[in-house]
Amino acid sequence: MSWESYITNMREQSKDNSGVEHITKGGIYGMGGEEWASSPDFKIPQSDILTLVNAFASGEFASFQGNGIHLGGTKYQFIRLDEGKLMVGKKKGEGSISIRKTNKAIIIAFCPEGKQAGNANKGIHMIGDYLETQNL
């Protein structure tokens, strides 16, 4: 399976009972900041990925709480951190971002305004859990 198919699968897993996808774009990145796969319109600089990697590695999220989550030139308000694996941010009028850490990857999913972040988190967790079973 190609890495791009993981993005497609993540979007599919975010569907609600009526078949609406709640993730419109996303990416998977290695711990060195390298892109493994991403939606065509979702490009995040390596420096932004490395900031996330360092925060998850150190457990230090205070800078996100105080300054927001900066991804690809967009600032998201830090909403919460769940179990040290999932960080959620929101930009009013735009949507939310879910960031999931696995053993060897950072997964990012974008949920547009008006869609359900809970469904987006379901999709990102499905891919994250699978990658962890593969020690990725």
Side-chain angles (χ1 to χ4, degrees):
M1 185 183 314
S2 73
W3 282 109
E4 284 74 21
S5 64
Y6 287 89
I7 302 296
T8 302
N9 193 0
M10 181 171 65
R11 291 179 62 184
E12 288 287 321
Q13 295 295 329
S14 77
K15 285 183 178 179
D16 60 25
N17 291 336
S18 63
V20 174
E21 287 182 356
H22 293 268
I23 294 173
T24 57
K25 54 189 173 183
I28 303 174
Y29 307 86
M31 293 300 187
E34 68 280 6
E35 179 183 296
W36 291 358
S38 72
S39 303
D41 57 345
F42 192 74
K43 299 300 176 196
I44 305 295
Q46 186 176 25
S47 60
D48 290 354
I49 301 301
L50 290 174
T51 299
L52 297 172
V53 167
N54 291 334
F56 279 109
S58 69
E60 179 55 51
F61 296 91
S63 66
F64 295 122
Q65 293 166 340
N67 303 316
I69 304 164
H70 295 265
L71 291 175
T74 301
K75 179 183 175 182
Y76 297 89
Q77 177 186 2
F78 177 90
I79 300 297
R80 72 177 186 277
L81 177 69
D82 290 340
E83 300 177 13
K85 284 185 168 185
L86 178 73
M87 183 168 39
V88 179
K90 171 93 170 114
K91 179 165 178 71
K92 187 174 182 176
E94 231 178 88
S96 65
I97 201 92
S98 298
I99 305 160
R100 167 75 193 268
K101 177 200 172 290
T102 68
N103 299 331
K104 297 181 181 174
I106 296 289
I107 309 166
I108 305 174
F110 178 77
C111 175
E113 192 76 24
K115 302 292 184 187
Q116 297 298 315
N119 285 355
N121 291 341
K122 179 182 77 172
I124 201 171
H125 275 308
M126 294 290 288
I127 296 303
D129 291 349
Y130 175 76
L131 291 178
E132 285 182 339
T133 67
Q134 304 301 304
N135 198 31
L136 291 172

Practice problem: Indicate yes or no: does Asp129 engage Arg100 in a salt bridge with an N to O separation below 4.0 Å. | Solution: yes
Quiz item: Is it true that Glu113 and Lys90 have a side-chain N and a carboxylate O under 4.0 angstrom from each other?
Solution: yes
Linked, directly or transitively: [X] and [Y] (ILVMFWY side chains, under 4.5 Å):
{"X": "Trp3", "Y": "Ile23", "answer": "yes"}
{"X": "Ile127", "Y": "Ile7", "answer": "yes"}
{"X": "Ile124", "Y": "Leu81", "answer": "no"}
{"X": "Phe42", "Y": "Val53", "answer": "yes"}
{"X": "Ile49", "Y": "Phe78", "answer": "yes"}

Quiz item: Are any of the side-chain heavy atoms of Thr74 and Ile97 separated by less than 4.5 Å?
Solution: no
Quiz item: Would you say Thr8 and Glu4 make side-chain contact, with heavy atoms under 4.5 Å?
Solution: no
Please confirm whether the backbone N or O of [Y] pairs with a side-chain atom of [X], one donor and one acceptor, at under 3.5 Å?
{"X": "Ser14", "Y": "Glu21", "answer": "no"}
{"X": "Lys101", "Y": "Gly128", "answer": "no"}
{"X": "Asn54", "Y": "Leu50", "answer": "yes"}
{"X": "Glu35", "Y": "Ile44", "answer": "no"}
{"X": "Glu60", "Y": "Ala62", "answer": "yes"}
{"X": "Asn103", "Y": "Asn135", "answer": "no"}

Practice problem: Check the pair Met87 / Ile69 against side chain to side chain contact (heavy atoms under 4.5 Å, CB included), numbers first and verdict last. | Solution: CA-CA 9 Å; Met87 183 168 39; Ile69 304 164; 3.9 Å; yes
Mind listing the closest non-hydrogen atom pair of [X] and [Y] along with its distance?
{"X": "Glu34", "Y": "Gln46", "value": "N-NE2, 4.0 Å"}
{"X": "Ala55", "Y": "Phe64", "value": "CB-CE1, 3.3 Å"}
{"X": "Gln13", "Y": "Gly123", "value": "CB-CA, 3.7 Å"}
{"X": "Phe110", "Y": "Glu94", "value": "CZ-O, 3.4 Å"}
{"X": "Ser39", "Y": "Lys43", "value": "O-NZ, 4.0 Å"}

Quiz item: Passes side chain to side chain contact (heavy atoms under 4.5 Å, CB included), Ile107 versus Tyr6? Steps please.
Solution: CA-CA 10 Å; Ile107 309 166; Tyr6 287 89; over 6 Å; no
Quiz item: Please walk me through it: do Tyr130 and Gln134 pass side chain to side chain contact (heavy atoms under 4.5 Å, CB included)?
Solution: CA-CA 7 Å; Tyr130 175 76; Gln134 304 301 304; 3.7 Å; yes
Quiz prompt | From CA spacing to verdict: side chain to side chain contact (heavy atoms under 4.5 Å, CB included), Leu52, Tyr29 | solution = CA-CA 10 Å; Leu52 297 172; Tyr29 307 86; over 6 Å; no
Rounded to the nearest 0.5 Å, how far does [atom2] of [Y] lie from [atom1] of [X]?
{"X": "His70", "Y": "Ser47", "atom1": "NE2", "atom2": "OG", "answer": "11.5 Å"}
{"X": "Ile108", "Y": "Lys25", "atom1": "CD1", "atom2": "NZ", "answer": "12.0 Å"}
{"X": "Ile28", "Y": "Thr102", "atom1": "CD1", "atom2": "OG1", "answer": "8.5 Å"}

Quiz item: Crowded around Met31 CE? As in, over 12 foreign heavy atoms under 6.0 Å?
Solution: yes
Quiz prompt | Residues which pass side chain to side chain donor-acceptor pair (under 3.5 Å) with Asn121, listed by chain and number, not counting sequence neighbours | solution = Ser98
